[in-house]
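Worksheet for the structure shown next.
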Amino acid sequence: MSASPPGGVAARFVGQRVPRKEDRRLLVGRGLYVDDVVLAGMLEAAFVRSPHARARIKSLDLEAARALPGVRAVYTAADFAHFGLDLFNSFAGRGSGPTVRTLADGHVRYVGDPVAIVVADNRYIAEDGAGLVMVDYEAEDPVVTIAQARDGAPVHDGYTDNVGVAAATPDDPEIAAIFASAKHVVTGTIRHQRQAHVSMETRGIVVAPHGEGELTLHLSCQSPHMAARYVSLLFDLPETSVKVLSKDVGGAFGLKIQPWREEVAAIAASLKLRRPVKWIEDRLENLTSASQAREQEITIKLALDAEGLLLAADLDYACNVGCYPHSNDCNTFAMMLFTGAYRVPKLAYRAVSYYSNTVGQAAYRGPWAMESLARETMMDVAARQIGIDPLVLRERNLMTAADQPYAMPSGMVVHGVTPCETLELALAKVDVPAFRAEQARGRAEGRYLGLGVAVYVEPTTMAMGGPFSTDSAHVRLDPSGKVSVVVSTHSQGHGTQTTMAQIAADQLGVDVADVTVLEDDSSRGGFGPGAGGSRQAVSGGGAVSHASRILADKVKAIAAHMHNANPADIRIEGGQISVAGVAEVSTTVQAIAEAAYFTLDRLPPGMEPGMEAQYRYRPPPIVFSNAAHACVCEVSAETGVVKILRWIASEDCGVMINPAIVEGQIAGGVVQGIGGVLLEEIAYDAYGNPTAVTFKDYMIPTIHDVPEIEYCHIITPSDSEGGFKGVGEGGAIIAPPTMVNAIADALAPFGARCLDLPLTPTKILELIEAGEKG
Amino acid sequence: MSQHSIEVTVNGEAVRAEVEARRTLGDFLRIDAGRTGLHLGCEHGVCGACTVMVDGLAVRSCLMLAVQANGRDVVTVEGLAHADGTLHPAQQAMKDEYGLQCGFCTPGIVMTLAALTADGARPTEAALRDALSGHLCRCTGYQGILRAARRLAQGTAA
Ligand code: FES
Ligand code: FES
């Protein structure tokens, strides 16, 4: 089942594995990442950072650093006071939360807290200078963990506790009654460790204070427009005076959604010095001072009837958002989405975020992913407790096509999803009976094989008001017949220069090779929020599709006028124009385009000359996509090492613009999820010192850790233009519970509950030992 | 900090510079020689993004000093493709197999694949996989990289 593009045109490129337009220049070393930008007179910055998680700054001695040849400035909070900068706790603008200064002012609140910025002729000298800054600290007892935050001294001035945000459903006596009378009540507590985003390119900025009131920023970001808006609001400059350029970005995953303390400090330093300033984060800084993610715990209570039907869920959630979170919230969204693809009549939750003396948190690919981890792992726990096959328990509770639209107890309405169908496909691919037989044989030989399955629905492209609601496309057919698409999407590896071109090429009837997509300059096109919330295919794609169709209609109108035909009879294909039923008429898109600019008397009377169209698209408020993943693994009872034998991703992201790019998004997400379960952990010691500060201690998956992923696609077009759905985050959301469930299934003979991440070999051996004793 | 005058052959061209003893080969190539194709993803020898070829061997340029490259022959990713634009088989295999997304790790991976398949060598898929385990990629989940390595091992890359 595949939908054709709107406007009745043939899908020649959408749906195809079109080679990526980005790849050639990236493969030959002609990318342009922020650190590749060099400007005349450019200085480089390094930061002096706090070695204490919590301390008062008694005094600062900057003299030795300032005296070092090549050091051009050393600035502290006092030097930036006149800017009055209080960073917004939200990419969208001012939110709630603590005051966030660029540099620590009087107190440091986490290890890595920037205290001073040293600007020098190059980074080597800047780091030498940073080493010469003397800071006298009076250390205080830090608040590191959620438990300490609950009753520890407030991290922030003017607060009476460490509660960031608290949210809860109102007391509902009906829910209490359901739990009191339910046949089965299943409870469990799930902990997710802290992680780092680890884009391979760290953060970075080159600030060029060109002209009075003008600022050009080369920035590693997720949207040049959002960054320009953020900086203009922060520095109180007209939005048009800030130009953000961001050609190639080496991954972001949520980390680069807004400029943060260091980037803003570099801007302030550049404005004071009136010289270009570059700051490129090094990996040590990245793992200790860039925003982090997760660190959540949730206690779940599920009520089920005798048949295993879910009756109600009750959630107690807490997260450690660190000192300065990118956005001040308690992940209410994870609570609201908890019921996922299941029919669950009732939901109660209490969620709290806590500040601590650790690095602040930021959204990370699937920021609400805890809902899937919690729900899907608890479904397996429930199945085991009740004595039903976890697959059967899922099948009994999943929403079918007939149940949709289905209103979740949180009020969100799900429609157009295929959880039953994707699960069925995944299980057929696994061949469950054959696996169970192999598993039984394995167990008899002391080999522990496990099958894990998880199912989810994901709200993508949320366009419910606010900056994330629209995208703009400006499509131009040049006199040469080539197409330029200026679109407010932005790629950090997403391949939008290819996918957006595919959409435009179909609508305009031209070759995809003749379409160039431009999305790297905030000053070139209209506002758009860029990457975030799995939205670009739907929102950007819709804008490009619509704008291209307007232009195609103009091509048809001109061609019809020139050849005395009806516009409805004009066909454009491969750049050629024909008129249905009139064989002798043949012209080209290029000829029509040229005429539109140069031969104005051949245009229909009154028609605007030229070939430019623009459209701002607002997608439906939420576009749900969904998937079911399955993993087969083997756990070594000797070493605790998990080997993934198979991974099946069965998903429905609507019409796929480019299946190879869809699969790339899924794979990248899945492997990040696997890393979160097996390997990665940002840990702090009792003093708040981070203990994973290099890639030797913060281990992300390597090529040896990954399975070869098998894909199944179901295409249920959404009601957005083009029928697209988002797919950027799903893999990262569903991989963790899939992986955990597979390990738990393998360890079922030991009665192990695997609910405390990461499941490192040491932890798995502990679970096995406990089971053997148990 | 002592200054040293060095001459390094970079992609066939002689590059002379005065460098501090502490300057890494990676910084020399990016800043002094203008070869920004290699990327610095960690500067502590784990991620592999900075990989170049020194006298034909894949080397992490963040772990080697510029002065150690004095008189040697260095090839960066800019030096791999044919002058007429034809991609090196390692580049072509990565392209055909969607082996990259953001492209930051890519030059390093290409250099390792190129070094191991130089002069018609045909390592096994397992050997290539082992070598690639020294490269971190956060975007692709290694799926396309694995397929590209397989193509090179099977000799089916263009
Ligand atoms: S930068 Fe050299 S290995 Fe990471
Ligand atoms: S393609 Fe982005 S890190 Fe490999």
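The chains referred to below are lettered A, B, ... by the order of the sequence lines, with proteins before strands, and numbering in each begins at 1.
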Might you confirm whether atom CG of B:Asp84 has over 12 heavy atoms from other residues, nucleotides or ligands at distances under 6.0 Å?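 Result for CG/B:Asp84: enclosed.
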Take atom NE2 in B:His82; do more than 12 heavy atoms of anything else shown fall under 6.0 Å from it?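 Result for NE2/B:His82: open.
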Checking heavy atoms, do the side chain of [X], its backbone, both or neither come under 4.5 Å from chain B?
X: A:Asp248; answer: neither
X: A:Gln492; answer: backbone
X: A:Tyr124; answer: both
X: A:Asp705; answer: neither
X: A:Arg30; answer: neither
X: A:His197; answer: backbone
X: A:Val670; answer: neither
X: A:Glu663; answer: neither
X: A:Arg25; answer: neither

Which of [options] touches chain B most, by non-hydrogen pairs under 4.5 Å:
options: A:Val38, A:Val249, A:Asp35, A:Thr202; value: A:Asp35
options: A:Ala252, A:Pro701, A:Gly495; value: A:Pro701
options: A:Val671, A:Ile709, A:Asp282; value: A:Ile709
options: A:Thr702, A:Ile703, A:Asn286; value: A:Ile703

For residues [X] and [Y], report the shortest heavy-atom separation together with the two atoms involved.
X: B:Gly41; Y: A:Arg283; result: O-NE, 2.8 Å
X: B:Phe104; Y: A:Gly250; result: CB-CA, 3.9 Å
X: A:Leu26; Y: B:Cys102; result: CD1-O, 3.8 Å
X: B:Lys95; Y: A:Pro19; result: NZ-CB, 4.0 Å

[X] side chain to [Y] main-chain N or O, any donor-acceptor pair under 3.5 Å?
X: B:Gln101; Y: A:Gly664; result: yes
X: B:His39; Y: A:Glu201; result: no
X: A:Lys696; Y: B:His44; result: yes

Sequence-distant partners of A:Gln16, side chain to side chain donor-acceptor pair (under 3.5 Å), two or more places apart: none
Distance from [X] atom [atom1] to [Y] atom [atom2], nearest 0.5 Å?
X: B:Tyr98; Y: A:Thr498; atom1: OH; atom2: OG1; answer: 8.5 Å
X: A:Asp23; Y: B:Gln92; atom1: CG; atom2: CD; answer: 10.0 Å
X: A:Leu27; Y: B:Ile109; atom1: CG; atom2: CD1; answer: 10.5 Å

I'd like to know which of [options] tops the heavy-atom pair count under 4.5 Å against chain A.
options: B:Leu80, B:Thr24, B:Val110; result: B:Thr24
options: B:Leu40, B:Leu146, B:Thr106, B:Thr36; result: B:Thr36
options: B:Pro107, B:Gly85, B:Ala81; result: B:Gly85
options: B:Leu100, B:Val46, B:Leu38, B:Ile145; result: B:Leu100

Residue-level interface, residues 128-143 of chain B with chain A, non-hydrogen cut-off under 4.5 Å: B:Arg129, B:Asp130, B:Leu132, B:Ser133, B:Leu136, B:Cys137, B:Arg138, B:Cys139, B:Thr140, B:Gly141, B:Tyr142, B:Gln143
Answer whether the closest heavy-atom distance between the side chains of B:Arg30 and A:Asp36 falls below 4.5 Å. yes
[X] versus chain A, heavy atoms under 4.5 Å apart: side chain, backbone, both or neither?
X: B:Gln91; value: both
X: B:Ala49; value: neither
X: B:Arg23; value: both
X: B:Val77; value: both

Less than 4.0 angstrom from a charged side-chain N to a carboxylate O is my criterion; do B:Arg22 and A:Glu127 meet it? no
Salt bridge check: are B:Asp27 and A:Arg123 linked by an N-O gap of less than 4.0 Å? no
